[in-house]
Asker: 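Below is a structure I'd like to ask you about.
Hydrogens, waters and symmetry mates play no part in the numbers below; they use all other heavy atoms, side chains included.
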Amino acid sequence: VESVAVAVRLYGPDGSIAAEGRAFVARDLIPPGEKGPFAVAFTQPPEFFPGYEVIVISAFPAHSPSALAHSLVLKEHSWERGPGDFYTVKGVVLNAGEKAVGDVNVVVVAYDASEKVVALKKVTPLKDFLKPGEGSEFYLTFFPAGNPPVTYTLYAQGIIP
């Protein structure tokens, strides 16, 4: 699916909705069986909420053939903890396909030891248009929300013009 939007509801102890927010999923295309990371910022989050719900409010079947690139590969990526609990992720995104790819971006999702998401960030590499065989470096920093991250997942995406 593509163009996925979600609503997140936080429930209070009495079962009423304590806060609600909406967001688009950070991945442009979600292949079958894969995850779609998203982040919702609540203007007035409750101090405590015993339950939550995530609802898909819109999604479209992926077009076939799709203009979304399937040829981007992430190489030489690494991460490290910096001063002040900031983390840096860097690497190279490579166009391994036979067609040029534009609007290239990289999404990082960081997880804590209990596999909860503690950071989500999207970044444009130094070059956002890659010819076949061409690569570009990317670099981002994030500050985790909650526990320190222990692992991360990267997604590279772009559009074939």
Asker: Who else is in Tyr155's hydrophobic cluster (ILVMFWY, side-chain heavy atoms under 4.5 Å, direct or via others)?
Answerer: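 Grouped by the 4.5 Å side-chain rule, Val107, Val109, Tyr111, Val117, Leu120 form the rest of the cluster around Tyr155.
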
Asker: What heavy-atom pair brings Ala62 and Glu2 nearest, and what distance separates the two atoms?
Answerer: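 For Ala62 and Glu2, the tightest heavy-atom pair comes out as CA-OE1, 3.4 Å.
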
Asker: Evaluate the criterion side-chain contact (heavy atoms from CB on, under 4.5 Å) for residue pair Ile55 and Val6; output intermediate values, then yes/no.
Answerer: CA-CA 5 Å; Ile55 305 161; Val6 296; over 6 Å; no

Asker: Salt bridge (charged side-chain N to carboxylate O under 4.0 Å, His left out) for Glu34 and Arg27? Distances and angles first, verdict last.
Answerer: CA-CA 10 Å; Glu34 292 196 21; Arg27 290 182 73 184; 3.0 Å; yes

Asker: Quick one, Leu72 with Leu130, criterion side-chain contact (heavy atoms from CB on, under 4.5 Å). Give me CA distance, side-chain angles, the key distance, then yes/no.
Answerer: CA-CA 9 Å; Leu72 297 174; Leu130 300 176; 4.2 Å; yes

Asker: Side chains of Gln157 and Leu68: does their closest heavy-atom pair fall under 4.5 Å?
Answerer: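 Sidechains of Leu68 and Gln157: no contact.
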
Asker: Atom NZ of Lys35 and atom CD1 of Ile30: how far apart are they, to the nearest 0.5 Å?
Answerer: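 With rounding to 0.5 Å, NZ (Lys35) is 12.0 Å from CD1 (Ile30).
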
Asker: Looking at Ala18 and Gly12, what are the two nearest heavy atoms and their distance?
Answerer: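 So the minimum-distance heavy-atom pair works out to CB-N, 3.9 Å.
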
Asker: Let me confirm one number: the OG-CD1 distance from Ser71 to Ile160, rounded to the nearest 0.5 Å.
Answerer: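 So the OG of Ser71 and the CD1 of Ile160 are separated by 5.5 Å.
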
Asker: Determine the minimum heavy-atom distance between Ala19 and Gln44, stating which atoms define it.
Answerer: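 For Ala19 versus Gln44, the nearest heavy atoms are CB-O, 4.5 Å.
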
Asker: Given side-chain contact (heavy atoms from CB on, under 4.5 Å), test Val101 with Ile159 step by step and report yes or no.
Answerer: CA-CA 5 Å; Val101 177; Ile159 297 174; 5.8 Å; no

Asker: What do you reckon, is CZ of Phe42 surrounded by more than 12 foreign heavy atoms closer than 6.0 Å?
Answerer: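 Atom CZ in Phe42 is packed in, count exceeds 12.
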
Asker: Are Tyr87 and Phe138 grouped together when hydrophobic residues (ILVMFWY) are joined by side-chain heavy atoms under 4.5 angstrom apart?
Answerer: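 Hydrophobic grouping puts Tyr87 with Phe138.
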
Asker: Could you report the tightest heavy-atom contact between Gly102 and Pro161, atom names first, then the distance?
Answerer: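 Where Gly102 meets Pro161 most closely, the heavy atoms are N-CD, 4.1 Å.
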
Asker: Between Val54 and Val40, is there a shared hydrophobic cluster once you connect ILVMFWY residues whose side-chain heavy atoms come closer than 4.5 Å?
Answerer: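 Per the 4.5 Å side-chain linkage, Val54 and Val40 are co-clustered.
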
Asker: Going only through I, L, V, M, F, W and Y residues with side-chain contacts under 4.5 Å, is there a path from Leu29 to Val106?
Answerer: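 The answer is no; the residues belong to distinct hydrophobic clusters.
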
Asker: Any idea which heavy atoms bring Leu10 and Pro46 closest together, and the distance?
Answerer: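 Heavy atoms only, the tightest pair is CD1-CD, 3.8 Å.
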
Asker: Kindly compute the distance separating CZ (Phe38) from CZ (Phe24), expressed to the nearest 0.5 Å.
Answerer: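 So the CZ of Phe38 and the CZ of Phe24 are separated by 13.5 Å.
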
Asker: Write down the atom of Ala156, the atom of Val93, and the distance for their closest heavy-atom approach.
Answerer: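 For Ala156 and Val93, the tightest heavy-atom pair comes out as CB-CG2, 3.7 Å.
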
Asker: Have a look at Leu140 and tell me which of Thr124, Val123, Thr88 forms a side chain to side chain contact (heavy atoms under 4.5 Å, CB included) with it.
Answerer: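 In the set Thr124, Val123, Thr88, the residue that makes a side chain to side chain contact (heavy atoms under 4.5 Å, CB included) with Leu140 is Val123.
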
Asker: Quick one: do Tyr52 and Val56 end up in the same hydrophobic cluster if we chain Ile, Leu, Val, Met, Phe, Trp and Tyr together by side-chain heavy atoms under 4.5 Å apart?
Answerer: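 Yes: a chain of side-chain contacts under 4.5 Å links Tyr52 to Val56.
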
Asker: Does anything in residues 114-138 pair up under salt bridge (charged side-chain N to carboxylate O under 4.0 Å, His left out), and if so which pairs, sequence neighbours excluded?
Answerer: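 Matches after skipping sequence neighbours: Lys127-Glu134.
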
Asker: With sequence neighbours left out, which residue pairs that include part of residues 9-21 fulfil the salt bridge (charged side-chain N to carboxylate O under 4.0 Å, His left out) condition?
Answerer: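 Passing the test, one end in residues 9-21: Arg9-Glu20, Arg9-Glu53.
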
Asker: Run the ring-ring contact (aromatic ring centres under 6.0 Å, His included) test against Tyr11 and tell me which residues pass, sequence neighbours left out.
Answerer: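 Here no residue qualifies.
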
Asker: Are Val4 and Val8 connected, step by step, through hydrophobic side chains (Ile, Leu, Val, Met, Phe, Trp, Tyr) whose heavy atoms are closer than 4.5 Å?
Answerer: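 Yes; Val8 is reachable from Val4 via cluster members.
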
Asker: Under the rule for ring-ring contact (aromatic ring centres under 6.0 Å, His included), what residues qualify as partners of His77, not counting sequence neighbours?
Answerer: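 His77 satisfies ring-ring contact (aromatic ring centres under 6.0 Å, His included) with Tyr152 once adjacent residues are dropped.
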
Asker: Should Tyr139 and Thr141 count as side-chain neighbours, where that means a heavy-atom distance under 4.5 Å?
Answerer: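 Side-chain contact under 4.5 Å: yes.
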
Asker: Check the pair Val89 / Leu154 against side-chain contact (heavy atoms from CB on, under 4.5 Å), numbers first and verdict last.
Answerer: CA-CA 10 Å; Val89 180; Leu154 294 172; 4.1 Å; yes

Asker: Show every salt bridge (charged side-chain N to carboxylate O under 4.0 Å, His left out) that has at least one partner inside residues 101-113, sequence neighbours left out.
Answerer: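 As it turns out, there is no salt bridge (charged side-chain N to carboxylate O under 4.0 Å, His left out) pair with a partner in residues 101-113 once direct neighbours are skipped.
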
Asker: Please round to the nearest 0.5 Å and tell me the distance separating atom OG of Ser78 and atom NZ of Lys90.
Answerer: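 Here the rounded value is 5.5 Å.
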
